[in-house]
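Below, each value reflects all heavy atoms present in this structure, side chains not excepted, and no hydrogens, waters or symmetry copies. Positions are given from 1, in the same order as the sequence printed here.
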Amino acid sequence: MKKVLLSAAVIMSFIFLTACGKKAETIDGKWVLTQEIMADGTVYKGDDISTYESYEISDSTATFKSVTDVFGEKTFDLQVEKINDNEYNFKIADTLVFTTGKLEGKYLMCTIGEGSDAVTFVYEKE
């Protein structure tokens, strides 16, 4: 009887720990720009960012929205292509990549440019 109760307790503990485990972030949802990181390490956030940007992602499609004082609101649709477990191409057309994003914990990171011209845009899920 003790073995049965002990086995039941172990199984219940396993189920509880598995059910309460933290779920990995997924690409689906609305991601809003919260930081811009320049190649020299300068970080802009909050009111220092002059642009509102977001990605609304569902499966293999995304809507990108950008709002600035100079250009107003621009919105366009993108195709989402999974490259590997945490990396995605956001494509304007089958052969034209707008940007590549990588899930890093609770952040979606998109880097534009290379070297001293690189800027990393950091998005958080809303």
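No path of Ile, Leu, Val, Met, Phe, Trp and Tyr side chains, each step under 4.5 Å between heavy atoms, connects Y55 with V97, placing them in separate hydrophobic clusters. In the hydrophobic clustering of ILVMFWY residues, with side-chain heavy atoms under 4.5 Å counting as a link, F98 and V119 come out together. Grouping the Ile, Leu, Val, Met, Phe, Trp and Tyr side chains by contacts below 4.5 angstrom, directly or via other members, places I57 apart from V32. Criterion: ILVMFWY side-chain heavy atoms under 4.5 Å apart, direct or through other members. Under it, I92 and W31 are part of a common hydrophobic cluster. Taking hydrophobic clusters as Ile, Leu, Val, Met, Phe, Trp and Tyr residues chained together by side-chain heavy-atom distances below 4.5 Å, I37 does not share a cluster with L108.
Here the CD1 atom belonging to I112 is positioned 6.0 Å from the CZ atom belonging to F121, to the nearest 0.5 angstrom. Atom-to-atom distance recorded for F90:CZ and T61:OG1 is 11.0 Å, nearest 0.5 angstrom. Remark: E87 CD to I27 CD1 distance equals 10.5 Å, nearest 0.5 Å. For the atom pair CD (E126) and NZ (K30), the distance works out to 4.5 Å, reported to the nearest 0.5 Å.
Side-chain N or O atoms of K82 include none that pairs as donor or acceptor with a backbone N or O of S60 at under 3.5 Å.
Residue pairs meeting the side chain to side chain donor-acceptor pair (under 3.5 Å) criterion with at least one partner in residues 94-123, sequence neighbours excluded, are E53-Y123, N89-T100, T111-T120. Applying the side chain to side chain donor-acceptor pair (under 3.5 Å) test to residues at least two apart or on different chains, the pairs with a partner in residues 32-46 are T34-E124, D40-T42.
Of all heavy-atom pairs spanning A39 and G115, the tightest one is CB-O, 3.2 Å. Nearest heavy-atom pair across C110 and G101 is SG-CA, 3.7 Å.
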Report, one line per pair, each donor and acceptor closer than 3.5 Å where one atom sits in a side chain of residues 62-70; sequence neighbours left out.
from : atom 1 : to  : atom 2 : distance (Å)
T63  : OG1    : D77 : OD1    : 3.0
T68  : OG1    : F71 : N      : 2.9

